[in-house]
Amino acid sequence: MNRRRVIFLGPPGSGKGTQARKIAEKSSLLPISSGETLRREIREQSEVGRLAANFVESGLLVPDDIITGVMIAGIKKLPSGTGFILDGFPRTVPQADALQGGLAAMSMSIDAVVDFELDDAEIVKRIVNRRVCTKCEEPYNLESRPPKVAGVCDICGGALTQRVDDREDVIMTRLGAYRAQTAPLVAHFARQGLLCSVRANRPAHEVEADILAILESPTSK
Ligand code: AMP
């Protein structure tokens with residue numbers, strides 16, 4: 001892979017997490033999901049989890065300083081040279097600035113931002129059909145990717161559940177947060193020459209092929 005420090009940007013339900021896991025299987029890149037990180041902190045009832053819980057459950061963005069602190073601390077702990085895919089972080093311009101400032105201080109930079117394009121009707125349909133494993137967080141879709149045995153994770157045998165924030169009333173709040181706070185990052189990263197878009201409304205293997213081609217393309221640096 002020529003591009004080894006990557007951001008996956010896009011609305012909830014656009015397939016960022018699924019693709020991050022697929023790409024990780026085929027590369028040495030480590031998938032790092034901000035949503036999974038927060039849900040783990042909430043389960044462990046840590047200080048961060050306690051501060052984040054109400055925001056996550058109601059579909060609002062967690063304040064920038066909380067998420068930025070936990071994500072940059074995680075990146076700092078990685079063995080040097082580790083390539084990674086940030087799934088769901090950054091989600092605001094101040095988060096992007098903090099991330100890029102933190103990376104620069106470690107003599108690192110972002111090599112590509114992959115923007116997942118998907119329209120609202122498809123987003124809602126995908127999210128209401130989403131189920132995730134309670135143990136390993138592997139995502140399923142009741143229509144397009146059902147588990148082999150209903151309610152059971154194919155990979156680890158864990159029980160599948162619907163995330164509390166995947167209920168229809170919360171989805172609208174999450175979409176609103178995406179449009180107001182996260183979508184401006186598309187133009188932000190385009191100005192930096194980092195943006196690469198993929199049409200996410202296609203079979204997962206086609207989206208994956210496009211992403212692999214982006215990651216294998218030479219960087220301009
Ligand atoms: P996700 O699993 O990426 O859909 O994230 C689930 C929830 O975690 C979001 O709706 C937010 O409440 C919170 N969250 C995840 N990433 C961020 C972020 N970068 N900034 C603020 N809140 C976040």
Side-chain angles (χ1 to χ4, degrees), residues 5-21 23-24 31-44 46-75 84-103 110 113-116 118 120 122-141 160-186 188-189 200:
R5 297 191 197 98
V6 185
I7 292 169
F8 279 5
L9 182 67
S14 57
K16 302 185 299 293
T18 301
Q19 291 295 337
R21 284 167 179 254
I23 303 288
I32 307 176
S33 154
S34 52
E36 277 179 32
T37 302
L38 289 170
R39 286 187 288 277
R40 189 171 53 241
E41 298 281 343
I42 293 169
R43 273 198 305 274
E44 290 170 358
S46 70
E47 175 71 4
V48 166
R50 207 177 49 72
L51 294 168
N54 283 339
F55 294 98
V56 173
E57 275 156 32
S58 56
L60 296 169
L61 292 191
V62 170
D64 288 335
D65 54 338
I66 298 174
I67 188 68
T68 303
V70 72
M71 294 301 285
I72 293 180
I75 293 171
F84 51 77
I85 299 171
L86 296 175
D87 157 19
F89 176 79
R91 261 172 153 106
T92 65
V93 173
Q95 288 180 24
D97 290 342
L99 169 68
Q100 289 176 295
L103 289 178
I110 293 296
V113 176
V114 180
D115 178 37
F116 289 61
L118 196 63
D120 286 6
E122 182 66 20
I123 291 169
V124 174
K125 196 172 120 201
R126 284 196 191 182
I127 298 184
V128 293
N129 281 314
R130 175 158 65 185
R131 298 293 181 272
V132 290
C133 176
T134 45
K135 272 199 201 157
C136 71
E137 288 231 13
E138 180 73 11
Y140 293 85
N141 183 291
L160 303 189
T161 184
Q162 184 177 40
R163 279 168 42 179
V164 283
D165 58 341
D166 277 353
R167 311 246 156 95
E168 209 154 352
D169 48 331
V170 185
I171 296 173
M172 291 306 158
T173 307
R174 290 168 67 199
L175 267 180
Y178 177 77
R179 300 285 169 225
Q181 292 167 276
T182 308
L185 284 176
V186 174
H188 180 83
F189 287 123

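Note that ligands are numbered from 1 as they come in the structure, with each ligand's atoms numbered from 1 the same way. Reckoned from all heavy atoms, side chains included, excluding hydrogens, waters and symmetry mates.
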Is there any N or O on [X] that sits under 3.5 Å from an N or O of ligand 1?
X	answer
Leu60	yes
Phe89	no
Gly88	yes

Quiz item: Does Arg167 come within less than 4.0 Å of Asp169, counting only side-chain N to carboxylate O?
Solution: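 Result for this pair is no, no salt bridge flagged.
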Quiz item: Is Glu137 salt-bridged to Arg39, going by a charged N under 4.0 Å from an acidic O?
Solution: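 Judged by the 4.0 Å cut-off on N to carboxylate O distance, Glu137 and Arg39 do form a salt bridge.
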Between [X] and [Y], is there a donor-acceptor pair closer than 3.5 Å when you use the side chain of the first and the backbone of the second?
X	Y	result
Gln19	Gly15	no
Thr68	Asp65	no
Lys16	Gly88	no

Practice problem: I would like to know whether Arg21 and Glu36 meet salt bridge (Lys or Arg N to Asp or Glu O under 4.0 Å); could you show each step before the answer? | Solution: CA-CA 12 Å; Arg21 284 167 179 254; Glu36 277 179 32; 3.1 Å; yes
Self-check item: Nearest neighbour of atom 15 (C) of ligand 1 from the list Gln95, Arg91, Gln181, Arg163, on a heavy-atom basis
Solution: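 Heavy atom nearest to atom 15 (C) of ligand 1 belongs to Arg91.
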Quiz item: Heavy-atom distance to atom 4 (O) of ligand 1: which of Lys16, Arg174, Arg39, Glu57 wins?
Solution: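 It is Arg174 that holds the nearest heavy atom.
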Quiz item: Which ligand 1 atoms are under 4.0 Å away from a heavy-atom of Asp165?
Solution: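 Listed by number with element: 6 (C).
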Exercise. Specify side chain, backbone, both or neither for Ile67, according to which of its non-hydrogen atoms lie closer than 4.0 Å to ligand 1.
Key: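 Under 4.0 Å from ligand 1, Ile67 contributes side-chain atoms alone.
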Quiz prompt | Met71, portion touching ligand 1 at heavy-atom distance under 4.0 Å | solution =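 None of Met71 does.
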Starting from [atom], what is the nearest protein heavy atom, named by residue and atom, and what distance separates them?
atom	result
atom 13 (C) of ligand 1	Leu38 CD1, 3.5 Å
atom 16 (N) of ligand 1	Ser34 OG, 2.7 Å
atom 22 (N) of ligand 1	Val62 N, 3.0 Å

Self-check item: Side-chain H-bond candidate by donor/acceptor type, Gln181 with Thr92, under 3.5 Å
Solution: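 Distance-only check fails for Gln181 and Thr92.
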Quiz item: Going through the distances and angles, do Arg131 and Asp166 end up as a salt bridge (Lys or Arg N to Asp or Glu O under 4.0 Å)?
Solution: CA-CA 9 Å; Arg131 298 293 181 272; Asp166 277 353; over 6 Å; no
